[in-house]
Amino acid sequence: MAETRNINITPGGTTPVIHVSQNDVGRSVTMNVTDGDGWYDLTGSTVKLQGIKPSGLGYTVEGTVSGHTVTIVTTKQMTDEHGNIASELKVTKNNTVIGTANIILAVERDPHPDHTTDGSLDEII
């Protein structure tokens, strides 16, 4: 099931939180973009979710636009580090580039990361 959040095109106000797990790939997140009074028409726009992870490295994921809605599908690059990642949608149309209100991408720590050795203490000893 996809998570859905409303995001204001105007910076400030409430900061929405999108919840994902570390190393999620292929999880769908839908964002309805508002202009404060109603829906913000994204038709003809390119929309990307961008942020900077705890390491200082960034991520950029292009979304699929339909009317006032953008759908982002998680990638390994955006979810490979856990923590609260400050992010925003960048909306580009013609020569205009607008950033939305900030979004927190809350990446839950993977309790069993890749390369974890499974077993029991008795087996190792």
Side-chain angles (χ1 to χ4, degrees):
M1 186 169 164
E3 187 169 355
T4 302
R5 293 286 180 260
N6 290 337
I7 311 296
N8 200 319
I9 193 70
T10 305
T14 304
T15 303
V17 178
I18 296 169
H19 298 275
V20 298
S21 291
Q22 191 174 11
N23 299 313
D24 272 356
V25 175
R27 181 185 295 266
S28 236
V29 178
T30 301
M31 290 168 268
N32 298 310
V33 180
T34 69
D35 67 3
D37 297 327
W39 301 120
Y40 183 83
D41 187 15
L42 298 170
T43 305
S45 301
T46 300
V47 181
K48 298 176 182 179
L49 181 64
Q50 298 179 315
I52 298 178
K53 300 178 285 188
S55 66
L57 296 171
Y59 77 87
T60 299
V61 178
E62 189 166 333
T64 303
V65 173
S66 177
H68 64 271
T69 301
V70 59
T71 301
I72 301 289
V73 178
T74 58
T75 65
K76 176 82 167 153
Q77 185 183 66
M78 75 187 285
T79 63
D80 63 351
E81 297 180 32
H82 64 87
N84 290 331
I85 301 170
S87 305
E88 74 175 359
L89 292 174
K90 288 282 185 168
V91 180
T92 304
K93 186 171 184 178
N94 301 321
N95 293 326
T96 303
V97 180
I98 298 174
T100 64
N102 283 350
I103 303 162
I104 298 297
L105 181 65
V107 182
E108 179 182 67
R109 183 182 195 119
D110 186 344
H112 190 277
D114 294 343
H115 311 296
T116 299
T117 302
D118 291 339
S120 66
L121 191 55
D122 291 339
E123 291 174 358
I124 295 172
I125 296 174

Might you point out which heavy atoms bring [X] and [Y] nearest each other, and give the distance in Å?
X: Gly63; Y: Ile72; result: CA-CD1, 3.5 Å
X: Arg5; Y: Val17; result: NE-O, 2.8 Å
X: Ala101; Y: Gly12; result: CB-O, 3.7 Å
X: Trp39; Y: Thr34; result: CZ3-CG2, 3.5 Å
X: Ser28; Y: Thr71; result: OG-CG2, 3.5 Å
X: Gly51; Y: Ser87; result: CA-OG, 3.9 Å

Task: Path from Val61 to Met31 over hydrophobic side-chain contacts below 4.5 Å - done: yes

- [ ] Answer with yes or no whether the hydrophobic clustering places Val107 together with Ile104; edges join I, L, V, M, F, W, Y residues whose side-chain heavy atoms lie under 4.5 Å apart.
- [x] no

Task: side chain to side chain contact (heavy atoms under 4.5 Å, CB included) evaluation trace for Val70 with Ile7 - done: CA-CA 10 Å; Val70 59; Ile7 311 296; over 6 Å; no

Open item on the list: Less than 3.5 Å apart, any donor N or O on the side chain of His112 or Asp118 sitting next to an acceptor on the other?
Closed with: yes

Open item on the list: If only side-chain N and O atoms count, and only distance matters, is there a donor-acceptor pair under 3.5 Å linking Asn32 with Thr69?
Closed with: yes

Between the main-chain N or O of [Y] and the side-chain N or O of [X], is there a donor-acceptor pair closer than 3.5 Å?
X: Gln50; Y: Lys90; answer: no
X: Lys93; Y: Ile98; answer: no
X: Asn94; Y: Thr96; answer: no
X: Lys53; Y: Gly83; answer: no
X: Gln22; Y: Asp80; answer: yes
X: Ser45; Y: Val91; answer: no

To the closest 0.5 Å, what do you measure between [atom1] ([X]) and [atom2] ([Y])?
X: Thr75; Y: Asn23; atom1: OG1; atom2: CG; result: 10.5 Å
X: Asn102; Y: Thr15; atom1: CG; atom2: OG1; result: 6.0 Å
X: Asn8; Y: Asp37; atom1: CG; atom2: CG; result: 9.0 Å

Task: Qualifying residue for side chain to side chain contact (heavy atoms under 4.5 Å, CB included) with Met78, from Leu105, Ile85, Val73, Asp24 - done: Leu105

Open item on the list: Are the side chains of Leu49 and Ile103 in contact, using a 4.5 Å heavy-atom criterion?
Closed with: yes

Open item on the list: Using the rule given for side chain to side chain contact (heavy atoms under 4.5 Å, CB included), can you reason through Glu62 versus Val47, listing the C-alpha separation, both sets of side-chain angles and the distance that settles it, and then say yes or no?
Closed with: CA-CA 6 Å; Glu62 189 166 333; Val47 181; over 6 Å; no

Task: salt bridge (Lys or Arg N to Asp or Glu O under 4.0 Å) pairs, two or more places apart, involving residues 94-110 - done: none

